[in-house]
Amino acid sequence: MKIDLLYEHLKKCNHQVSTDTRKVIKGSIFFALKGKNFDGNDYALEALKNGAAYCVVDNESVSKLDQRIFLVDNVLGTLQKLSTYNRDKSKCYVIALTGSNGKTTTKELMYHILKTKYDVVCTSGNLNNHIGVPLSLLQIKESTEFAVIEMGANNFGEIEFLTNLVKPNIGYITNFGLAHLEGFIDLEGVIKGKTELYNWLIENNRKILINDDDIEQKKFINENTVLFGKNNNSNYQFEQVISNHIVLKINDVIIETQLYGNYNFSNVCAAITFGLENKIKLKEISRSLKNYSSENNRSQIISKNNSEIIMDAYNANPTSVKGALESLSYLDNSKLAIIGDMLELGKAEIIEHDKIVKYALDLNIDKIIFIGTRFKKCEINFKSFYFFNNKTELLNSNIKLNEKYILIKGSRSMRMETILNEL
C-alpha cells in the first residue's frame with residue numbers, strides 16, 4: 001500500500017496506532033512489527049478481533065486473510081515513512097530533544113508549559129527510539145500546533161536517523177554525560193553522537209536552543225541560536241535562587257517549582273525559554289511550573305515514615321549519579337543515598353563505578369549504600385559506606401533506613417524503586 005493511501009486511513013482512525021495486540025486501541029491501525037522472539041504478522045487477525053480497524057503486515061499470505069489487512073514491503077520502514085509523511089502534512093512546530101540526562105523531564109516541562117496556550121503532543125514516556133519516535137510523530141493531527149519529540153541513542157548515526165524522521169524546527173541537547181559508553185566509548189563519542197542533531201539543524205537552517213553555560217554547546221552558536229543561562233549575554237538570563245528545591249528568577253520574576261536537584265536547573269530554564277519564545281507569558285509559565293510535579297521515578301519526591309524520599313530510580317549513569325549525590329549533600333538534616341549499579345558503560349564500567357565510590361568519600365552524606373555486583377567489586381572500608389550484591393542482601397541486613405532525606409537511584413534494570421516498599 002502506498003504511503004498517501006495509508007495516511008488517509010490514519011486520519012480515518014484519528015491518528016490512533018497500535019503495535020501490541022494486548023493493548024489494541026479500538027479503531028486504530030495495527031502495525032505488525034517484528035522482534036527477536038515474535039512476529040507481529042502472526043497476530044494480525046487477533047488485532048482485528050481486539051478492535052483494530054486495519055492491520056499493516058509484510059507477510060503476503062497473512063494479507064489475504066482479511067480485506068482490512070494491508071500489505072507493505074517492510075512494516076517498520078512503513079511506520080517510519082508514514083510518521084515523516086504525517087509530520088510533513090502538518091503545520092505543527094516541532095522541537096526535538098536529546099541529551100545524556102534530563103531529556104524526559106525537560107520534554108515534560110515544555111509540554112506542561114505549552115499546553116497552557118496551545119494544542120500540543122509529546123513523546124509518551126520515554127518512547128524515544130526508532131519505533132517510539134515514529135509513534136510520537138503519528139500523534140500529530142491537523143489541529144496540532146506544537147510537538148515535543150524526545151530522541152534517544154546509544155550509538156553513532158542514531159540521532160541523525162531520528163532527526164531525519166522528525167525534521168524539527170528547533171532542537172535542544174540537554175547535556176553531554178557519560179552514558180551509553182558501550183556504543184559511544186567515551187565523552188567525546190557522546191558529544192559526537194548527540195550533536196548529530198545540531199549538525200542537521202545547521203545544515204537545514206533551523207533554530208538551535210543552547211545552554212549558554214555549557215562550554216561544549218556554545219561551539220554550535222550561530223545566527224539561528226537562542227541562548228539561555230546565567231550569562232549576561234544570553235537571550236534569556238536566569239538566576240538560581242534556591243539550589244535543591246529549584247526556585248529561579250528571570251526578569252525580576254520568581255518562579256517556584258516542585259523539582260529537586262541542581263541538575264534540574266537547566267531543564268527548567270530550557271522549558272521556560274521555549275515558552276517565552278512562543279509568546280507564553282511569565283505569569284502563565286510560573287503558574288504551570290508551580291503545579292507540575294515529577295513522577296515515574298524521575299526526581300520524584302515521596303513522603304513516607306517521616307522521611308522525604310527522592311525517587312530518582314528511572315535510570316542512572318556516572319554524570320547523573322554524581323549530580324544526584326551532590327544535590328543530596330547540600331540538604332540539611334540526616335541523609336542516606338541508596339545507589340544501584342550503572343549499566344551500559346562497556347569496558348569502563350568498573351572504572352566508572354570506582355570513581356563514584358571515591359567521589360562520594362568527601363560528600364556530606366551520613367550513609368551511602370551501594371547495591372550491585374559492579375559496585376561490590378569497588379568495595380572499600382569506610383565507616384558510612386555499605387556494599388551489597390543485590391537488594392535482597394540489603395533488606396536482610398540490620399541497617400536502618402530512616403534518615404530524613406533518602407535518595408534512591410540506579411539503572412532501570414536494577415528496579416531500585418522496589419526498595420520503597422521496604423522502607
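- For the 3.5 Å distance criterion, the side chains of Asn101 and Asn317 qualify, holding a donor opposite an acceptor.
- With Tyr118 as the fixed residue, the ring pair (Phe, Tyr, Trp, His ring centres under 6.0 Å) test singles out one of Tyr93, Phe274, Phe146: Phe146.
- Checked against side chain to side chain donor-acceptor pair (under 3.5 Å), Asn205 has the following partners two or more places apart in sequence or in another chain: Asn224.
- A distance of 9.0 Å separates CD1 of Ile95 from OH of Tyr172, quoted to the nearest 0.5 Å.
- In summary, the side chains of Glu196 and Thr163 do not present any donor paired with an acceptor at a separation below 3.5 Å, with no hydrogens or angles considered.
- Minimum heavy-atom separation, Lys117 to Lys279: NZ-O, 2.9 Å.
- When each of Ile159, Ile210, Thr98 is tested with Ile173 by the rule side-chain contact (heavy atoms from CB on, under 4.5 Å), just one qualifies, namely Thr98.
- Under 4.0 Å is where a charged nitrogen must lie from a carboxylate oxygen, and between Lys34 and Asp58 at least one such pair does.
- Taking the side chain as every heavy atom from C-beta outward, Arg287 and Thr116 never approach each other to under 4.5 Å.
- To the nearest 0.5 Å, the span separating CZ on Phe375 from CD1 on Ile369 amounts to 12.5 Å.
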Steps toward side-chain contact (heavy atoms from CB on, under 4.5 Å) verdict (Lys409, Val321): CA-CA 7 Å; Lys409 188 164 182 65; Val321 170; 4.1 Å; yes
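- Nearest heavy-atom pair across Ala52 and Val24 is N-CG1, 3.5 Å.
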Chi angles and distances behind the side-chain contact (heavy atoms from CB on, under 4.5 Å) call for Leu289, Ile246: CA-CA 10 Å; Leu289 288 179; Ile246 300 298; over 6 Å; no
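- At a cut-off of 3.5 Å, with distance as the only test, no side-chain donor of Tyr359 or Glu326 sits close to an acceptor on the other residue.
- Rounding to the nearest 0.5 angstrom, the gap separating the CD atom in Glu393 from the CZ atom in Phe387 is 13.0 Å.
- Checked against salt bridge (Lys or Arg N to Asp or Glu O under 4.0 Å), Lys167 has the following partners two or more places apart in sequence or in another chain: Asp88.
- Side-chain contact between Ile149 and Leu97 is absent, with no heavy-atom pair separated by less than 4.5 Å.
- Between Lys347 and Glu352 there is no salt bridge, since none of the side-chain N atoms of the basic residue sits less than 4.0 Å from a carboxylate O of the acidic one.
- The closest side-chain heavy-atom distance from Leu76 to His130 is below 4.5 Å.
- Checked by atom type, the side-chain pair Thr106/Asn267 shows a donor-acceptor distance below 3.5 Å.
- At a threshold of 4.5 Å between non-hydrogen side-chain atoms, the residues Thr257 and Leu248 do not count as touching.
- The closest donor-acceptor contact from the side chain of Asp354 to the backbone of Ile350 lies at 3.5 Å or more, if one exists at all.
- Side chain of Arg206 to backbone of Pro168: a donor-acceptor contact under 3.5 angstrom is found.
- At least one donor-acceptor pair closer than 3.5 Å links the side chain of Ser411 to the backbone N or O of Leu343.
- Among all heavy-atom pairs drawn from Leu138 and His15, the shortest one is O-ND1, 3.1 Å.
- With a 4.5 Å cut-off on side-chain heavy atoms, Phe161 and Gln80 count as touching.
- Within the model, atoms CZ of Phe388 and CZ of Phe370 stand 12.0 Å from one another, a figure rounded to the nearest 0.5 Å.
- Using modelled atom types, one side-chain atom of Lys304 and one backbone atom of Leu420 make a donor-acceptor pair closer than 3.5 Å.
- Take Glu403 and apply the salt bridge (Lys or Arg N to Asp or Glu O under 4.0 Å) test, not counting sequence neighbours, and it matches Lys367.
- Here the closest heavy-atom approach between residue Leu197 and residue Met151 is recorded as CD1-CE, 3.9 Å.
- Side-chain N or O atoms of Glu239 include none that pairs as donor or acceptor with a backbone N or O of Lys230 at under 3.5 Å.
- Taking each heavy atom of Met416 and Ala313 in turn, the nearest pair found is CB-CB, 3.8 Å.
- A 4.5 Å side-chain heavy-atom check between Ile406 and Ile408 finds at least one atom pair inside the cut-off.
- The distance from the OG atom of Ser100 to the CG atom of Asn315 is 11.0 Å, given to the nearest 0.5 Å.
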Residues Phe382, Val357; criterion side-chain contact (heavy atoms from CB on, under 4.5 Å); working and verdict: CA-CA 10 Å; Phe382 190 66; Val357 172; over 6 Å; no
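- Cation-pi geometry between Lys194 and Phe176 is not met: the NZ or CZ atom fails to fall both under 6.0 Å from the ring centre and inside 45° of the normal.
- Between the CZ atom of Phe220 and the OG1 atom of Thr225 there is a distance of 10.5 Å, given to the nearest 0.5 Å.
- When side chains are defined from C-beta on, Asn175 does not count as touching Ser266, because their heavy atoms never get closer than 4.5 Å.
- Taking each heavy atom of Asp341 and Thr373 in turn, the nearest pair found is OD2-N, 3.1 Å.
- In this structure, Leu325 and Ile339 have side chains that are in contact, with non-hydrogen atoms separated by less than 4.5 Å.
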